[in-house]
Amino acid sequence: MSTDQSSTPRVPDVENPQPTMPLTEDIRPGTANDPPVETVEPDRTATLTVDGESVTVSAESTLLDATEETDTDDYVPALCSYDEHDEIGPRSECRTCMVETEEHGVVPSCSFPAQDGMTVRTDTTEASEARDVNLDLLLSNHNLRCTTCGKNGRCELQDVSIENDVVEPRYGVFDDRDAYEPLDDSSPFIQIDRNKCILCNRCVEACNDVQVEGVLRIEGSGEDTRIGFQNDAETMMDSTCVSCGHCATVCPTGALVEQGLTDAATIPLPGFTQENSIGKTVEAENDRFQPGPATPMKGDQKSESAAEPTAESPPTEDD
């Protein structure tokens, strides 16, 4: 073996291609609404009673955790809760997980802390009615044409509705009340159908808190509340999305679906598709619909901005 170190191949000196600007610089605050986190002593536990059954859980657990440890009488769904990743915490947005406690009345179990000595009931009339009302409210504001949905058969809202024997939402259906928003089919990677969004905030948390991309946000208020983009873009194609797909992974409905799966679970009906059932689809211009990231990477955008003449750097003779 040669001992001549000068002939050993080495990594050439190249400039770091990663953007040097902190990723959080362009992220607007106020997009997440995590409940306050309290410090919990290690190994502390809480013993409480759920539907008459005593259960002991760790002190940082929620009432939902406690109900899942017991053989409760009633089914307690939690559509906005996503417990497979600690950085996407309980949202208390959908309120489909309401339970009744002797100490605090009816509360959302997904975010209410399990306290030692509490008595919890999932089967009272008040708790059951609260869960049913909130589920019906979600369904009445949702595109219920499941047969043309790419999430048909793997939709959490659909699963909960089946589990609760929902026949027809008590507050009517979307078709009778509001016009559909256009289907955003502009991105080659992720399709957005806001008519199926239940505003659970999971996607915003995944985008901002886990991926730290700061693309999505909740915008508007009241009935105009919707998923939007932090750069004020109207379409996914014009947003700063880097196509990581995490938002679509955590979405409990068909509001955010990877393009390759948009038709994966639809039931073929002649002349009836997801697009024409809504009425209008926003698509990208042909020359922009190319494989690759949905939008330019941050580094590319900053390079373009740096190339533009400013007051501090007047145009050169070459401009």
Any luck finding a side-chain donor-acceptor pair between D184 and Q191 under 3.5 Å?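 Per modelled atom types, D184 and Q191 side chains form no pair under 3.5 Å.
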Verify whether one side chain among D185 and Q259 offers a donor that lies under 3.5 Å from an acceptor in the other.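 Yes, a side-chain donor-acceptor pair sits under 3.5 Å.
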Would you call [X] and [Y] a salt bridge, taking side-chain N to carboxylate O under 4.0 Å as the test?
| X | Y | result |
| --- | --- | --- |
| R131 | E126 | no |
| R170 | E129 | yes |
| D232 | R217 | yes |

Donor-acceptor contact below 3.5 Å, side chain [X] vs main chain [Y]:
| X | Y | answer |
| --- | --- | --- |
| S161 | V166 | no |
| N231 | D238 | yes |
| R202 | S81 | yes |
| N134 | R95 | yes |
| K151 | E156 | no |
| T70 | E53 | no |
| N164 | V160 | yes |
| T249 | G245 | yes |
| T62 | D65 | yes |
| D51 | T122 | yes |

Please examine the side chains of [Y] and [X], heavy atoms only from C-beta on, and report whether any two atoms are closer than 4.5 Å.
| X | Y | value |
| --- | --- | --- |
| E213 | C207 | yes |
| L157 | H142 | yes |
| V257 | C251 | no |
| V282 | L183 | no |
| C247 | I190 | yes |
| V204 | I218 | yes |
| L63 | L48 | yes |
| C200 | C94 | no |

About how many Å separate [atom2] of [Y] and [atom1] of [X], when rounded to the nearest 0.5 Å?
| X | Y | atom1 | atom2 | result |
| --- | --- | --- | --- | --- |
| R145 | N152 | CZ | CG | 14.5 Å |
| T96 | Y75 | OG1 | OH | 8.0 Å |
| F189 | C241 | CZ | SG | 9.0 Å |
| R154 | D159 | CZ | CG | 11.5 Å |
| S61 | F112 | OG | CZ | 14.0 Å |
| Q230 | T240 | CD | OG1 | 7.5 Å |

Nearest heavy-atom neighbours spanning S92 and C80: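 Closest pair (atom of S92, atom of C80, distance): N-SG, 3.5 Å.
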Return yes when atom CD of E219 has more than 12 non-hydrogen atoms of other residues, nucleotides or ligands closer than 6.0 Å, and no otherwise.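 Count over threshold, so yes.
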Answer with yes or no whether the hydrophobic clustering places [X] together with [Y]; edges join I, L, V, M, F, W, Y residues whose side-chain heavy atoms lie under 4.5 Å apart.
| X | Y | value |
| --- | --- | --- |
| L135 | I198 | yes |
| L64 | L79 | no |
| I227 | F229 | yes |

With side chain to side chain contact (heavy atoms under 4.5 Å, CB included) as the test, would you mind laying out the steps for D132 and S128 before giving the verdict? CA-CA 6 Å; D132 290 346; S128 178; 3.8 Å; yes
Applying side chain to side chain contact (heavy atoms under 4.5 Å, CB included), run through Y180 and K280 and close with a yes or a no. CA-CA 8 Å; Y180 285 102; K280 183 177 181 181; over 6 Å; no
